Amino acid sequence: MSKEEIFKAAQQAINEYNANAAKEAAQRGLAEGIDPMELMSRGFIPGISQVGDNFAQGTCFLPALIQAADAMRIATEIINAAIPAEKQQKKGKIVIGTVEGDIHDIGKTIVVALLKANGFEVYDLGRDIPTEKFLEKADDVGADIIGTSTLLTTTMEGQKKLELAWKKAGLKRKYKTMVGGAPVTQRWADRIGADAYAEDAGEAVKKAKQLLGLS
Ligand code: B1M
């Protein structure tokens, strides 16, 4: 099977909500030596994006979206496990999670895997996380960066709430903040006063390094 055929098989597996085929495509791609992030970005992500578009256009419904997400989760687990770990000293501590009211976590999990692979110590709080939890955990571990992810336009406010929490407490900011997720933009980050915005997992690593003065 060629590289392009594997990407196509990955995309098709998600489009057909087929967890077994997704698992097979992920394993096959890695066995063929394809870079895990390339397999994700050229195979699986276009697949789940297509399902999202179908959902928005009313040609696929929630049960199918859930099945596609499950197939995506299985592929993501296999791919994340294959991202080679960085053996250098830890670069910095990042507390990360999906904001309150939002249970989307596939993209955030990819970001976590790539940050870890690049030597960051990452505390993944999971999904549907209230602002206070981010702040508590960051205090607990002495984080350098708090990262928030959101996929719903209605929950983007959760990212703003975090920035406002600092102002309200009258505290000088102790941590840098990074925001991401499909509806998030640089403009939104600027508007709410976040320190960085990243479009994808690779950029999240780049921005985290910049925030800590490592590049
Ligand atoms: Co939902 N969903 N969903 N969904 N879902 C979207 C987001 C939607 C755009 C679909 C659509 O209508 N086209 C739409 C939102 C519309 C809007 O807000 N304007 C939507 C909706 C409406 C809903 C429900 C309300 C549906 C319903 O119940 N009627 C519901 C909401 C539940 C809730 O959260 N309260 C819902 C539920 C679900 C599932 C549970 C079925 C499932 C999620 C499963 C899971 O995550 N465990 C799901 C899925 C899978 C999607 C789509 C199809 C795919 C999301 C995804 O995984 N993308 C999505 C459509 C779409 O995005 N095209 C959709 C792949 C992933 C790799 O990309 O998450 O963007 P992404 O992450 C990227 C970057 O954004 C970035 O890096 C990642 C890797 O490159 N990034 C960061 C992400 N976080 C970052 C953090 C950073 C930096 C970068 O720094 C901290």
Side-chain angles (χ1 to χ4, degrees), residues 10-11 14-15 17 19 22 36-77 79-80 83 94-118 120 122-129 134 138 143-159 162-163 175-186 188-189 192 194-211:
Q11 192 169 347
I14 303 298
N15 279 331
Y17 331 126
M37 290 312 293
E38 195 186 0
L39 185 51
M40 190 43 86
S41 63
R42 294 189 56 198
F44 292 105
I45 292 182
I48 195 77
S49 299
Q50 182 61 54
V51 175
D53 291 348
N54 296 346
F55 179 71
Q57 286 158 13
T59 55
C60 109
F61 300 97
L62 195 57
L65 186 64
I66 293 171
Q67 273 181 281
D70 198 44
M72 187 71 186
R73 182 186 52 77
I74 287 166
T76 306
E77 279 171 11
I79 287 176
N80 284 350
I83 297 174
I94 305 183
V95 167
I96 194 168
T98 303
V99 300
E100 189 168 19
D102 190 344
I103 61 166
H104 294 86
D105 65 356
I106 294 170
K108 185 262 303 161
T109 309
I110 298 172
V111 171
V112 167
L114 210 62
L115 285 168
K116 282 185 178 167
N118 280 275
F120 289 92
V122 185
Y123 297 86
D124 183 2
L125 300 182
R127 54 195 191 171
D128 191 13
I129 305 298
F134 283 105
D144 300 294
I145 299 172
I146 300 179
T148 51
S149 176
T150 187
L151 267 282
L152 298 171
T153 44
T154 47
T155 51
M156 286 168 75
E157 281 298 308
Q159 296 182 324
L162 183 69
E163 304 295 333
Y175 317 108
K176 301 282 186 193
T177 51
M178 177 157 62
V179 292
V184 180
T185 58
Q186 182 63 56
W188 170 250
I192 65 172
D195 297 298
Y197 157 70
E199 191 180 357
D200 57 27
E203 204 177 65
V205 171
K206 215 166 91 189
K207 294 285 177 81
K209 286 182 183 167
Q210 283 170 6
L211 285 178

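We count ligands from 1, going down the list as the structure has it; atoms in each ligand are counted the same way. Quick caveat, the model's predicted, so the values are computed rather than measured.
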Atom pairs, nitrogen or oxygen, ligand 1 to protein, under 3.5 angstrom:
{"from": "ligand 1", "atom 1": "2 (N)", "to": "H104", "atom 2": "NE2", "distance (Å)": "3.1"}
{"from": "ligand 1", "atom 1": "3 (N)", "to": "H104", "atom 2": "NE2", "distance (Å)": "3.0"}
{"from": "ligand 1", "atom 1": "4 (N)", "to": "H104", "atom 2": "NE2", "distance (Å)": "2.7"}
{"from": "ligand 1", "atom 1": "5 (N)", "to": "H104", "atom 2": "NE2", "distance (Å)": "3.0"}
{"from": "ligand 1", "atom 1": "13 (N)", "to": "G52", "atom 2": "O", "distance (Å)": "2.9"}
{"from": "ligand 1", "atom 1": "18 (O)", "to": "T153", "atom 2": "N", "distance (Å)": "2.9"}
{"from": "ligand 1", "atom 1": "18 (O)", "to": "T153", "atom 2": "OG1", "distance (Å)": "3.2"}
{"from": "ligand 1", "atom 1": "19 (N)", "to": "T153", "atom 2": "OG1", "distance (Å)": "3.2"}
{"from": "ligand 1", "atom 1": "34 (O)", "to": "D102", "atom 2": "OD1", "distance (Å)": "3.4"}
{"from": "ligand 1", "atom 1": "34 (O)", "to": "I103", "atom 2": "N", "distance (Å)": "2.7"}
{"from": "ligand 1", "atom 1": "35 (N)", "to": "G101", "atom 2": "O", "distance (Å)": "3.0"}
{"from": "ligand 1", "atom 1": "46 (O)", "to": "D105", "atom 2": "N", "distance (Å)": "2.7"}
{"from": "ligand 1", "atom 1": "46 (O)", "to": "D105", "atom 2": "OD1", "distance (Å)": "3.3"}
{"from": "ligand 1", "atom 1": "46 (O)", "to": "I106", "atom 2": "N", "distance (Å)": "3.4"}
{"from": "ligand 1", "atom 1": "47 (N)", "to": "D105", "atom 2": "OD1", "distance (Å)": "2.7"}
{"from": "ligand 1", "atom 1": "47 (N)", "to": "R127", "atom 2": "NH1", "distance (Å)": "3.3"}
{"from": "ligand 1", "atom 1": "75 (O)", "to": "A182", "atom 2": "N", "distance (Å)": "3.4"}
{"from": "ligand 1", "atom 1": "84 (N)", "to": "S149", "atom 2": "OG", "distance (Å)": "2.7"}

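Remark: Q67 pairs with Y17 by the side-chain contact (heavy atoms from CB on, under 4.5 Å) rule, at least two apart or across chains. Contacts of E38 classified as side-chain contact (heavy atoms from CB on, under 4.5 Å), with partners at least two apart in sequence or in another chain: K3, F7, I34, D35, R42.
No donor-acceptor distance shorter than 3.5 angstrom exists from the side chain of T98 to the backbone of D105, with no hydrogens or angles considered. Side-chain N or O atoms of N118 include one that pairs as donor or acceptor with a backbone N or O of L114 at under 3.5 Å.
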Distance-only check: which donor-acceptor pairs under 3.5 Å involve side-chain atoms of residues 145-154, not counting sequence neighbours?
{"from": "T148", "atom 1": "OG1", "to": "Q159", "atom 2": "NE2", "distance (Å)": "3.4"}
{"from": "T150", "atom 1": "OG1", "to": "D102", "atom 2": "OD2", "distance (Å)": "3.0"}
{"from": "T150", "atom 1": "OG1", "to": "T155", "atom 2": "OG1", "distance (Å)": "2.6"}

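Surrounding NZ of K207 are more than 12 heavy atoms belonging to other residues, nucleotides or ligands, all under 6.0 Å away.
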